[in-house]
Amino acid sequence: MLRISADKLDALFGAVSAKQKLYIPADRADGEAAFTEYAPGMKLTSRLNTVRSAKDFFFPQTENLVEFKLEGKKIEINDIREECDDFVIFGVRACDARSFTILDKVYLSDPVDTFYKNRRDHGTVVTLACDRPAETCFCQTFGIDPTAPEGDCSVWRAEEYYYFKAITAKGQVFIDSAASLLEEGNAAELDSAVAKTKAVLEKLPLANVSTKNFGGDKLNEYFNSDKWGELSESCLGCGTCTFVCPTCQCYDIRDFDTGNGIKRYRCWDSCMYSDFTKMAHGNPRLTQLERFRQRFMHKLVYFPANNNGEFGCVGCGRCLSKCPISMNIVKVMKALEDK
Amino acid sequence: MQRIGVFVCHCGTNIAATVDVKTVAETLGHEPGVVISQDYQYMCSESGQNLVKNAIKEHNLTGVVICSCSPRMHENTFRKAAAAAGLNPYLVEIANIREQCSWIHKDIATATEKAIILGRAAVAKVHLNAPLTAGESPVVKRALVIGGGIAGIQTALDIAEAGFDVDIVEKNPTIGGKMAQIDKTFPTLDCAACILTPKMVEASQNEHITIHSFSEVAEVKGFVGNFQVKIKKKARFVDETKCTGCGLCTEKCPMKKVPNEFNMGLDNRTAIYIPFAQAVPKVATIDPNYCMMLKNGKCGVCSKVCSVGAIDYKQQDRFIEEKYGAIVVATGFNPIKLDKYDEFAYNQCPDVVTSLELERLMNAAGPNGGTLLRPSDKTHPHTIVFVQCVGSRCDDSKGKPYCSKICCMYTAKHAMLIREKYPDTEVYVFYIDVRTPGKNFDEFYRRAVEQYNVHYIKGMVGKVTPKSDGKIDVQASDLLANEQLHINADMVVLAAAIEPDKTARPLATMLTTQMDTNDFFTEAHPKLRPVESATAGIFLSGACQGPKDIPETVAQASAAAAKAIGLLCKNSITCNPCVAHSDELMCNGCSSCEKVCPYGAITYIDKEFRMPDRTTKVRRVASVNPAVCQGCGACTVACPSGAMDLNGFSNSQIMAEVDAICK
Amino acid sequence: MNKNLKEQVLRSSGANVLKCMRCGKCSATCPSYDEMEYHPHQFVYMVEKGDIETLMKSESLYRCLTCFACVDRCPRGVEPAKVVEAVRLAAVRQQGGNRLSPDMIPDMLDEDLPQQAIVTALRKYAK
Amino acid sequence: MQKAMIERAKQLLADGTVKRVIGWKRGEFAYDITPAVFETAEELDRDFVFDDFTAANVSKYLVKESRKEGRVLAFLKPCDTYSLNQLTKEHRVDRGNIYVIGVPGGPKLDIEKIKGKGITGILGVKNENYTLKIDTLYGEETMPFYEAVLDKCASCKSKKHVTYDELMGDDGDILESNRFDMVEKLENMTSQERYDFWRSELSKCIRCNACRNVCPACTCENCVFDNPKSGVSNKAAADSFEENMFHIIRAFHVAGRCTDCGECSRVCPQHIPLHLLNRKFIKDINALYGEYQAGADTESRAPLNNYTADDCEASIVHERGVE
Amino acid sequence: MQVNDNKDFQPLIVAFCCNWCSYAGADLSGTNRLNYPTNVKIIRVPCSCRVNPMFILRAFQRGADGVILCGCHPGDCHYTSGNYFTRRRMTLLFSMLDFLGIERDRTRVEWVSAAEGAKFAATMNEFTEAVRKLGPNRRLEDLRCRKQ
C-alpha cells in the first residue's frame with residue numbers, strides 16, 4: 001500500500017493543489033473545523049469532523065440557476081451555467097462519503113439535476129478513515145464502516161503515516177498527481193491501527209442504536225404515534241439540524257430582483273421552517289409537530305420506502321451536538337421504539 | 001395588470017428649460033405597467049387636467065404619475081382631477097421634477113437623468129398604491145376657549161353669536177385677565193374697565209357661554225371635531241351656585257394680610273376674597289394658603305356671616321369632562337420676572353416698579369385710590385424715569401430676543417397721564433427706539449413729547465442706585481448729546497418684557513401643538529394661517545401667539561372665532577386616509593406601537609383567531625382608530641413584526657421607491 | 001477704513017459688533033465715561049465702520065478699566081470691553097506702538113501700587 | 001437541589017396548584033439536556049434534571065405554555081426571570097398562569113469548550129471541587145471547571161431573581177460584570193478592523209435561525225424575515241449583505257428589549273458572537289439614555305419607545321471613537 | 001488614509017425627507033435656485049419617524065453610497081414627537097453600523113426646517129462631498145445588485 005509520512009503531507013497537498021483546487025478540513029479561529037481551500041502551511045484539523053458537512057461542495061447553500069431581464073414586454077433569459085473546475089476534497093469522513101450516495105439517489109436519478117451532476121463530475125472525494133470516533137457517532141447503525149470509508153480514494157492514518165488506496169479512476173488520478181511523494185508501506189501497521197479503532201467502535205454509547213424497527217413499511221406504525229407531541233414540544237423550529245445534516249437535500253427556489261434583472265436562485269430549505277413547501281393554498285404542515293415529524297419520518301420511513309431501504313441518515317452525529325435544545329434523531333428513534 | 005399613465009409637465013420653461021421633458025416622457029413610457037406617457041405645457045391648467053382625465057377614461061388607467069412641481073403645490077389639484085375622472089385620488093403620485101430637479105440643476109443631461117429616476121420611483125410606488133377612502137367623523141358643536149382674558153372673552157362672544165355653545169376655562173377666580181388690571185388704554189385714553197366689564201357681563205349672561213372660572217384643563221384627548229377634555233374645577237371652598245357676591249365675608253375675614261395679586265402685591269386682601277368689584281363670576285374664593293379655618297380649623301367667621309350658606313370648607317377639586325369640536329387657546333401673557341436685572345435695583349427699592357404695577361398705582365381702584373404715590377413712603381414723586389426694553393430685544397442669555405411690542409405705547413400713555421395729572425412731575429423716558437406702528441400711534445407719541453413735554457432721551461439706563469435720602473440715582477447715557485447723565489429720580493418704572501403664561505407649555509403638550517423657543521404658540525402659517533395652529537381644530541387667540549396690544553388681540557380673537565365657527569358649521573370632517581393599520585394576523589400585541597403613538601390612536605383588543613388545527617386562540621392585537629391617527633408612522637418602525645403599516649406610505653411602497661432610485 | 005485691522009480686531013476680540021442695537025447701555029454703565037473722548041458704544045460703532053486707526057490713537061483706549069460692566073450689562077452680548085481690549089492689542093502689536101516702555105515705569109510707580117497692577121499694566125500697554 | 005426541585009414540583013402537581021412543570025429533561029449523554037414539560041410525578045422522577053448543563057432559558061416556552069389550560073410551574077434561573085418579565089411587559093405571556101420558582105443560576109458548563117480542548121468520546125462529566133473529571137472512551141481527562149463555563153455565565157450580569165412566586169436557595173445580587181469588555185475592545189479598533197472582524201464572523205452564518213428562534217425577545221407571530229410581504233424575507237444569506245441585514249435588523253428589533261440572556265451565542269452552531277451586537281445596543285443605550293436593564297421590571301418604558309427633548313444627536317456617532 | 005479623493009466618483013445619495021419640514025425645505029432650496037448635486041434623490045415620507053432602518057439598509061443594498069435622513073428640528077415635529085424617536089433610532093442604528101465597520105460618513109441625520117432652503121442645499125452639498133471622498137460603498141452592498 002502506498003503511504004506518506006505525516007510530516008510530508010504538506011508537500012502532498014502542495015502538489016495536488018498546484019493542479020486543481022484542494023479543500024481540507026482545517027481549524028477555524030473559533031476552534032471548530034471547516035473545509036477550507038488549501039493554502040501553504042495549512043494543517044489538517046485534529047477535530048473528528050467539520051460543523052458543516054461536505055455536501056456543500058456538490059449542493060451549495062445558495063446557487064444561481066438562471067437570470068432574466070424584462071425589457072418592456074420582452075423577457076430575455078440568460079443561462080448562467082458554467083462548467084465547474086476540477087477539485088479535490090480531502091479528509092471526508094465515512095459518514096459524509098455515504099451521504100453523497102444518498103444525495104446521488106435524489107439528484108442523479110431522472111430527472112438529473114445538472115447543477116449537482118456538474119459538480120459531482122468534477123469533484124474527487126478523498127476520504128479519511130476515523131481513528132478517534134466520538135460519543136455522538138452512530139454511522140454503524142446505517143451499515144457504514146468508519147474504518148473503511150467510501151469515496152474516490154481512501155486514506156488511513158496509522159502512527160506517523162497516511163496510507164492511500166484508490167477506489168475509482170478519479171481516485172487513481174489523485175494518487176498519481178502525488179505519486180513521486182508516495183512510497184510503498186507496511187500494511188500490517190495499518191491493520192493494527194484499524195483493529196484498535198474497531199475496539200473503540202464497539203464501546204461507543206450509541207453502538208446499539210438499530211434501524212431494525214424502521215423502514216419503508218413503518219408508516220402506519222409511527223405516523224400517529226403519541227410520542228411526536230412530547231418530542232416536538234421543545235423544538236424551536238430552527239434549521240440547525242437540517243443545515244448541518246449531510247443528507248438533507250431540500251431546497252427552495254426564489255427570484256431576486258437586482259434592479260437590473262432577476263436572478264433565480266435556489267437555497268437550502270428546512271422542513272422545520274413554518275414556510276416549508278408553502279403553496280398557493282397555504283402550508284400543508286401547519287404545526288411544528290407535523291414539521292418535526294416530517295423530518296424524522298422522511299429519514300427513517302419515506303426515504304427508505306422510495307430508495308430500496310436506504311435510510312436518509314448517515315449517523316454523523318452533527319445534529320446531536322448542534323441542536324440548540326439537544327433533540328435529535330437518536331432520541332426520536334429510541335422514543336418511537338419505546339412503546 | 002397595472003395600467004399607469006405618466007404625465008410630464010413643462011411648467012412653461014420652468015421644467016422644460018433644464019429637463020428634456022420629451023425624453024423623460026419617452027423613457028418612462030417603457031417602464032413596466034406604463035400604458036401612456038405624455039408631456040404638456042402646463043399640466044395644472046384646465047386643459048392639462050383634461051388631458052389627464054381623458055387618459056384615465058380612455059386607457060382605463062389604474063394609476064397616474066404626474067412629473068411636475070412639488071406635491072405640496074398641486075397634489076390636491078391632480079387628485080381632484082383623477083377623482084373627477086373616476087379614479088381613486090390616492091392612485092395619483094407626483095414626481096417632483098421642478099423644485100427638486102429643474103430648478104436646482106443646470107446641466108440638461110444630468111437633470112434629465114435625475115428627472116427620469118424620480119419619475120421611475122413614482123411609477124414604482126404607484127404600482128403599489130391602493131385606493132383609499134377618506135372616512136368622515138362628526139363634529140361636536142361646541143367650542144372650548146382656554147383663557148378668559150379679553151382674547152378669550154371676545155372669541156367666546158363671537159362664537160356664541162353664531163349660535164354655538166362655548167365654554168371658557170379661566171384659571172383665576174374671575175375672567176378679565178390683564179386688561180382688567182389696566183387703568184387706561186392707548187391711544188384713546190379711555191378707561192379699560194369701562195370697555196371690558198360690559199363684555200365680561202355679556203359673556204356671563206350669554207346663554208351659549210359657560211364660564212368655568214378657577215379651573216384648568218387637565219387632559220385633552222381626541223382630535224379635530226371631537227376633543228374630549230377633562231377640566232379641573234379647583235376647590236374655591238365656596239358654592240358658586242349659592243354665593244351672591246355680597247362681599248360680607250370679605251369684610252369680616254380676620255386674615256387681612258394676604259398680598260393682593262390683582263394689585264400686583266402693592267396692597268393686601270383677605271383670605272376669602274373677590275378679586276375686584278366687577279369680577280365675573282362675582283363669587284368669593286377662599287385662599288387655602290392663608291385661611292385659618294382650612295389651615296388649622298380655627299376661625300369659620302365667613303361661614304357664620306354668610307346668609308346663604310355658600311361656604312363649604314370641605315370642597316374638593318372636581319373634574320368635569322366635556323366634548324368639543326374646536327379649541328381656542330387664549331392663554332395670554334405675563335410680565336417677566338426681573339430678578340436677574342440687578343442693575344435696575346427692582347428687588348432692592350420699592351420705588352422701582354414695573355409698568356403693570358404703575359397701572360395699579362394710578363388706578364382709581366388701586367391701592368392708593370388713584371393718587372400716584374411712591375410705594376415706599378407714600379409721597380408724591382416729582383421725577384419719574386421710565387426705562388424701555390427691560391428684558392426685551394436681548395441675547396437669549398440676557399432675556400427675551402423679541403420686541404414686546406406694547407411697551408412704547410403704554411409708556412407714552414403713562415408719561416402723558418402723569419404729566420396731565422401732575423404737571424409738576426418731570427418725566428424722562430429712556431428709549432432705544434420708539435416703535436409706534438399703529439393707527440394714531442405715532443401721533444399719540446408725538447403728543448407726549450410736544451404737548452406734554454415728556455423728556456424722551458435716546459439711550460439706555462445703565463445703573464439704578466437707591467440712595468439713603470430715599471431718592472434714586474439713575475445713571476444713563478444720552479447718546480445724542482454724547483454724555484452720561486445722572487438723574488435724581490423719585491421713581492423708576494421698568495417696561496418689563498412680556499412672556500407667554502407658564503401654563504401654556506404643558507397645555508401645548510396636551511394639545512400636541514407646536515411652540516417656538518419662547519413658548520409662544522406657533523401658527524400654522526405665519527402669513528396665511530395666523531390664527532390656526534398646525535394641529536387641526538386648535539386655534540390661537542391673543543398674546544399666546546405673540547405680543548399684541550388690545551386692538552390686535554381683539555382682532556385676532558374674532559379671527560380665531562371665525563375659524564372655529566367655520567369648523568363648527570360642518571356636520572362632519574373628512575379624515576386623512578393615510579393612516580396606520582395593523583395586520584392582526586402578525587400583531588404580537590406587544591404595545592410598542594401604543595407607546596410611541598402621539599395621539600393615543602392605538603388600543604388593544606382581544607381577538608379570537610382560528611388556529612391551523614381548528615382550535616381557536618384569543619390573542620391581544622393592536623387596533624388603530626383611523627379617525628384619531630394622523631399618519632406619522634412612528635408605530636410602523638416601533639413594530640418589530642412589521643404588522644403595522646401606513647396607508648399611502650407603506651413599507652413596500654417606500655422600498656419600491658428606494659429600489660427604483662438605486663437601480 | 002482699514003479692513004485688515006478691522007478683521008484682526010474682530011478676530012482677536014471674538015465679538016460680533018453687528019449684534020449691537022445701539023441702546024447705549026454700555027456707555028450708561030461705564031465708570032470711565034467722563035474720561036473718554038470715545039465712549040464704549042462709539043467704540044463698538046467705530047469698529048463696525050472699520051475706523052480702527054482713530055481709536056488706536058485715542059486716549060480713551062487706555063481709560064477703559066476693563067471692569068467688564070459693559071459686558072455684563074449689554075443686552076445683546078456684544079462685549080464692548082473685549083472690543084476695546086482687541087483695539088489695544090492692535091496698537092501694542094504695531095511696531096513702536098507700545099504705550100509704555102520699561103524706562104518710563106519708575107516715575108509712575110506709587111509705593112502702594114500692588115505688584116500685580118504693574119505686571120498687568122505692562123502686559124496691557126507693551127509687548 | 002435537583003431532588004428538592006422534583007419534590008416541590010410533585011407537591012405542587014399533587015395539590016393542584018399547577019398542572020404542568022417546565023424544566024429540563026436528561027438526554028443520551030451527560031450534556032444533551034432538552035427543555036421539557038412534565039405532567040406526572042413519574043416523568044419528573046425519571047427524567048427531570050438540574051445540573052451544570054441545564055443552561056437553556058425556558059422562559060420563551062411560557063409564551064405557549066401559559067396560554068394553555070391550567071397553571072404551569074416554571075423553574076427559572078435569575079437570567080431567565082428577566083426574560084419572563086420582559087415577556088410579561090409585552091403581554092406575550094399570561095403571568096397569572098405561571099407559577100415561578102426561582103432557582104440558583106450558573107455558572108453552567110459549555111460542552112463545546114470541553115470538546116474544544118480536544119476531549120472527545122465523552123461519556124460522563126463530574127464536577128469535583130471545581131475540577132471537571134471527564135470520563136471518555138479514551139480514558140479520564142480533567143480540566144478546571146472555570147475553563148468550561150459558558151461565555152454567558154462568565155459575564156453574568158445578575159444573580160437576582162426579578163420575579164418569582166417562590167424561591168429555592170438564596171437570592172443573589174446584581175453583579176458588576178465585565179460584559180462590555182469585548183464590545184469596548186471592538187470599539188477601539190479601526191473601522192477596517194471592525195469590518196474585517198465582523199465579516200469573518202458573520203460570513204460563517206448558515207441562516208439556521210437558531211439565534212432568533214431561541215431568543216426570548218423574538219416571539220413575533222411572524223418574523224419579518226419569514227414574511228414574503230416584508231420584502232426582506234429569505235431562507236439563506238445569498239450575499240454578504242444579507243448576513244449583515246439579518247443580524248443588524250434582528251439586533252435592532254430586540255434593542256431595548258434584549259435582556260442579554262446570551263442564548264443567541266450559546267446556540268449558534270457556528271459560534272458567532274451574536275450577543276456582542278445586542279450588547280453594543282445595551283451599552284449605547286446605557287451611555288446615551290441612562291442605565292436600562294430590559295426585564296428588570298414590567299412597567300418601565302423601553303428606551304426606543306421613549307425620548308427626552310435633550311437626547312444627543314445622531315452625529316454623536318461621528319464625534320466619538322477612534323480614527 | 002485614502003490618498004485618492006475620488007474626484008470623478010458620482011455617489012448615489014438617498015435622502016429621506018419628512019413632508020412637513022425637510023421636504024418643504026428642499027422645495028424652498030429649489031424655489032431659491034440653490035444648487036446641490038443631482039446625486040441626491042429625495043424620498044418623501046410623512047415624518048422622519050416613518051423611516052425604518054430596513055429602508056436605509058435597503059438603499060445600501062441596492063447601491064446607494066450614502067443615506068441622509070432629514071426631519072423637523074427637535075421640538076418642531078408636526079406630529080409632536082416623531083423626530084425624537086427618529087433621533088434615538090438613528091443614533092443607535094448608526095452606532096451599530098459603525099460598530100460593524102461601515103463608514104460613519106455614509107449616514108447622517110440632519111434637521112432642516114421648511115424655512116431652511118439654504119441649509120438643505122448646503123447640507124446636501126457637504127454630504128455628497130463627504131460620501132464622494134469615501135468612494136463607492138463596498139462594505140454594505142449586495143454584490144448581486146452591483147451595476148456592471
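Small disclaimer: the values here were computed from a predicted structure and weren't measured. Below, chains carry the letters A, B, ... as their sequence lines are ordered, and counting in each starts from 1.
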For [Y], does its backbone N or O pair with a side-chain atom of [X] as donor and acceptor, under 3.5 Å?
X: E:Arg58; Y: D:Gly231; value: yes
X: D:Asp239; Y: E:Leu143; value: yes
X: E:Arg89; Y: D:Leu304; value: no

Where on [X] is there a heavy atom nearer than 4.5 Å to chain D: the side chain, the backbone, both, or neither?
X: E:Gln61; answer: both
X: E:Asn52; answer: neither
X: E:Leu97; answer: side chain

Which atom of [X] lies closest to which atom of [Y], heavy atoms considered:
X: D:Ile249; Y: E:Met54; answer: CD1-CG, 3.5 Å
X: D:Glu313; Y: E:Pro74; answer: OE2-CG, 3.8 Å
X: D:Phe241; Y: E:Leu140; answer: CD1-O, 3.6 Å
X: D:Ala314; Y: E:Thr91; answer: CA-OG1, 3.4 Å
X: E:Phe99; Y: D:Arg194; answer: O-CD, 3.0 Å
X: D:Val317; Y: E:Ser95; answer: CG2-N, 3.6 Å

Residue [X] versus chain E: region with a heavy atom under 4.5 Å:
X: D:Glu201; answer: neither
X: D:Asn306; answer: both
X: D:Ser230; answer: neither
X: D:Asp311; answer: both

Quiz item: Taking atom NZ of D:Lys229 as the centre, does the number of heavy atoms from other residues, nucleotides or ligands within less than 6.0 Å exceed 12?
Solution: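 Incorrect, the count does not exceed 12.
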
Quiz item: Counting only heavy atoms not in D:Lys160, do more than 12 fall under 6.0 Å of its NZ?
Solution: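 Not buried by this count: 12 neighbours or fewer within 6.0 Å.
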
Exercise. Pick whichever of E:Val109, E:Asp105, E:Ile102, E:Thr107 has the most heavy-atom pairs under 4.5 Å with chain D.
Key: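 Looking at each option in turn, the highest pair count goes to E:Asp105.
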
Would you check if [X] and [Y] make a side-chain contact, meaning some heavy-atom pair closer than 4.5 Å?
X: D:Glu242; Y: E:Arg144; result: yes
X: E:Arg88; Y: D:Thr308; result: yes
X: D:Phe252; Y: E:Leu57; result: no
X: E:Leu100; Y: D:Tyr195; result: no

Exercise. Could you list which of residues 212-223 of chain D have a heavy atom closer than 4.5 Å to any heavy atom of chain E, in residue-number order?
Key: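 Within residues 212-223 of chain D, no residue comes under 4.5 Å from chain E.
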
Quiz item: What residues of residues 259-278 of chain D sit under 4.5 Å from chain E when only non-hydrogen atoms are counted?
Solution: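 Only D:Leu276, D:Leu277 of residues 259-278 of chain D have a heavy atom under 4.5 Å from chain E.
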
Quiz prompt | Point-to-point distance, once rounded to the nearest 0.5 Å, from CD1 of D:Ile248 to CZ of E:Phe60 | solution =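 Rounded to the nearest 0.5 Å, the CD1-CZ separation comes to 10.0 Å.
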
Quiz item: Do E:Arg87's NZ or CZ and the ring of D:Tyr307 fall within the cation-pi criteria of under 6.0 Å and 45°?
Solution: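 No, E:Arg87 and D:Tyr307 do not form such a contact.
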
